[in-house]
Student: 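One structure, as structure tokens, below. Some questions next.
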Amino acid sequence: MSHSQCAAVVVLTCLGLAACEPDKAEDTGATDTGRVPEVPFDEDCAAQVMYTQTVCECPELTADWSGVTADSAGAPFDPSQDATVVHWYILGMPVSTLNVRLCEGASLAADVLGADAEGTAGRTETTLSVGEWGYGTGVIALYDTLDEESGAAPRAAAIFEFDATSTNTRVVLEGRGDVWTGP
């Protein structure tokens, strides 16, 4: 497994663990019309996807986290100051399968098609080059630490699915950005 795939597995694990806090089950009130609630929602599952966004099957996407106002726990979050690194990766499975695997606590290492990370340096937008990885389910997560070994949970995250009929080239994180939740 490559370094970036290991980092992706760490990110997935942290996302799932961060989701176990009860206050994350609440709706974020985000206004992005591209966010679609996942249904059915498994009330007994401690880690699952709450919202997804649909994007085109194109080699590059833009990720925009300028609208994040709070982290997943509801604490104030300044996207231009508090985000230190952004991770993104593609999993070779649909969101429905990802939900099942998260609820089972299964390892997702073998399903990582590609991963990357970069420092944000005060930026609130980046380009995701995903074309060479193929298409599946994408994850983008913001962290406030560069230390991959710290076990830190992401401060905000988004899930996106690729659709050949879509023309959307943007993944938008806003509000609390908490697409992972628990009962």
Side-chain angles (χ1 to χ4, degrees), residues 1-16 18-19 32 34-36 38 47-68 79-80 83-102 104 106-150 152-174 177-180:
M1 185 182 308
S2 73
H3 175 71
S4 60
Q5 287 175 320
C6 287
V9 173
V10 169
V11 171
L12 284 170
T13 302
C14 290
L15 282 171
D32 177 32
R35 295 178 79 200
V36 178
E38 285 302 307
Q48 61 188 307
V49 177
M50 179 178 264
Y51 295 100
T52 59
Q53 297 174 48
T54 302
V55 296
C56 63
E57 289 186 355
C58 35
E60 289 189 341
L61 300 171
T62 300
D64 176 0
W65 56 90
S66 62
V68 174
S80 66
T84 303
V85 65
V86 57
H87 288 265
W88 65 91
Y89 44 98
I90 307 299
L91 300 171
M93 65 179 71
V95 171
S96 58
T97 302
L98 174 59
N99 263 338
V100 170
R101 302 284 300 281
L102 285 171
E104 293 172 344
S107 170
L108 301 170
D111 300 297
V112 177
L113 301 178
D116 206 350
E118 67 180 74
T120 60
R123 294 178 295 121
T124 58
E125 186 172 290
T126 193
T127 300
L128 286 59
S129 297
V130 297
E132 70 274 13
W133 298 342
Y135 303 105
T137 296
V139 179
I140 184 168
L142 299 174
Y143 288 82
D144 58 4
T145 177
L146 290 171
D147 182 4
E148 290 183 20
E149 305 301 322
S150 71
R155 297 293 299 272
I159 305 295
F160 51 99
E161 293 184 279
F162 295 94
D163 184 336
T165 64
S166 176
T167 59
N168 181 28
T169 61
R170 296 182 72 79
V171 178
V172 179
L173 287 78
E174 60 184 7
D178 55 346
V179 296
W180 298 78

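Since the structure is predicted, the reported quantities are computational estimates derived from the model, not experimental observations.
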Student: Report yes if some heavy atom in the side chain of Leu108 is under 4.5 Å from a heavy atom in the side chain of Leu102; otherwise report no.
Tutor: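 Yes. Closest side-chain heavy atoms under 4.5 Å.
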Student: Show me the side-chain donor-acceptor pairs of residues 58-65 shorter than 3.5 Å, one per line, residues at least two apart or across chains.
Tutor:
unit_1	atom_1	unit_2	atom_2	d
Asp64	OD1	Ser66	N	2.8
Asp64	OD1	Ser66	OG	2.7
Asp64	OD2	Arg170	NH2	2.9
Trp65	NE1	Arg123	O	3.2

Student: Give the intermediate values and the outcome of side-chain contact (heavy atoms from CB on, under 4.5 Å) for residues Tyr51 and Ile159.
Tutor: CA-CA 7 Å; Tyr51 295 100; Ile159 305 295; over 6 Å; no
Student: What's the separation between atom OG in Ser166 and atom CD in Glu57, rounded to the nearest 0.5 Å?
Tutor: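 Reported to 0.5 Å precision, the distance equals 9.5 Å.
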Student: A side-chain contact here means heavy atoms from C-beta on lying under 4.5 Å apart; do Val55 and Val171 qualify?
Tutor: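 Touching, per the 4.5 Å side-chain cut-off.
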Student: Just so I know, are the side chains of His87 and Val85 near enough to count as touching, which here means a heavy-atom distance under 4.5 Å?
Tutor: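 His87 reaches Val85 side chain to side chain.
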Student: Not counting sequence neighbours, list each pair that qualifies as a salt bridge (charged side-chain N to carboxylate O under 4.0 Å, His left out) and has a residue in residues 89-98.
Tutor: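 Every candidate salt bridge (charged side-chain N to carboxylate O under 4.0 Å, His left out) pair involving residues 89-98 fails, so no pair, neighbours aside, qualifies.
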Student: By side chain to side chain donor-acceptor pair (under 3.5 Å), which residues pair with Thr167, not counting sequence neighbours?
Tutor: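 Result, side chain to side chain donor-acceptor pair (under 3.5 Å) vs Thr167: none returned.
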Student: Just jot down the side chain to side chain donor-acceptor pair (under 3.5 Å) partners of Thr124, sequence neighbours excluded, or say none.
Tutor: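 Partners of Thr124 under the side chain to side chain donor-acceptor pair (under 3.5 Å) test: none.
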Student: Sequence neighbours left out, what passes ring pair (Phe, Tyr, Trp, His ring centres under 6.0 Å) with Phe162? Give chain and number order.
Tutor: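 By the ring pair (Phe, Tyr, Trp, His ring centres under 6.0 Å) rule, Phe162 matches Tyr135, Phe160.
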Student: Applying side-chain contact (heavy atoms from CB on, under 4.5 Å) to Ile90 and Val112, what does each step give before you reach the verdict?
Tutor: CA-CA 6 Å; Ile90 307 299; Val112 177; over 6 Å; no
Student: What pair of heavy atoms forms the shortest contact from Thr137 to Val95, and how long is it?
Tutor: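 Minimum heavy-atom contact is OG1-N, 3.3 Å.
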Student: Among all residues two or more places apart in sequence or in another chain, which pass the salt bridge (charged side-chain N to carboxylate O under 4.0 Å, His left out) test with Asp144?
Tutor: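 Once residues adjacent in sequence are excluded, the partners of Asp144 under the salt bridge (charged side-chain N to carboxylate O under 4.0 Å, His left out) criterion are Arg155.
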Student: Which atoms form the tightest heavy-atom contact between Tyr89 and Trp133, and what is the distance?
Tutor: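 Heavy-atom minimum between the residues: CA-CZ3, 4.3 Å.
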Student: Would you say the side chain of Leu98 lies within less than 4.5 Å of the side chain of Asp111, judging by non-hydrogen atoms?
Tutor: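 Contact flag for Asp111/Leu98 side chains = no.
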Student: From Thr84 OG1 over to Glu118 CD, what is the distance, rounded to the nearest 0.5 angstrom?
Tutor: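 If we round to the nearest 0.5 Å, Thr84:OG1 and Glu118:CD are 13.0 Å apart.
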Student: Hey, what do you get for CG (Asp163) to CD (Gln53), rounding to the nearest 0.5 Å?
Tutor: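 Answer for the CG-CD pair, Asp163 versus Gln53, is 13.5 Å.
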Student: Just do the side-chain contact (heavy atoms from CB on, under 4.5 Å) check on Thr120 and Thr126 with the steps written out, would you?
Tutor: CA-CA 8 Å; Thr120 60; Thr126 193; over 6 Å; no
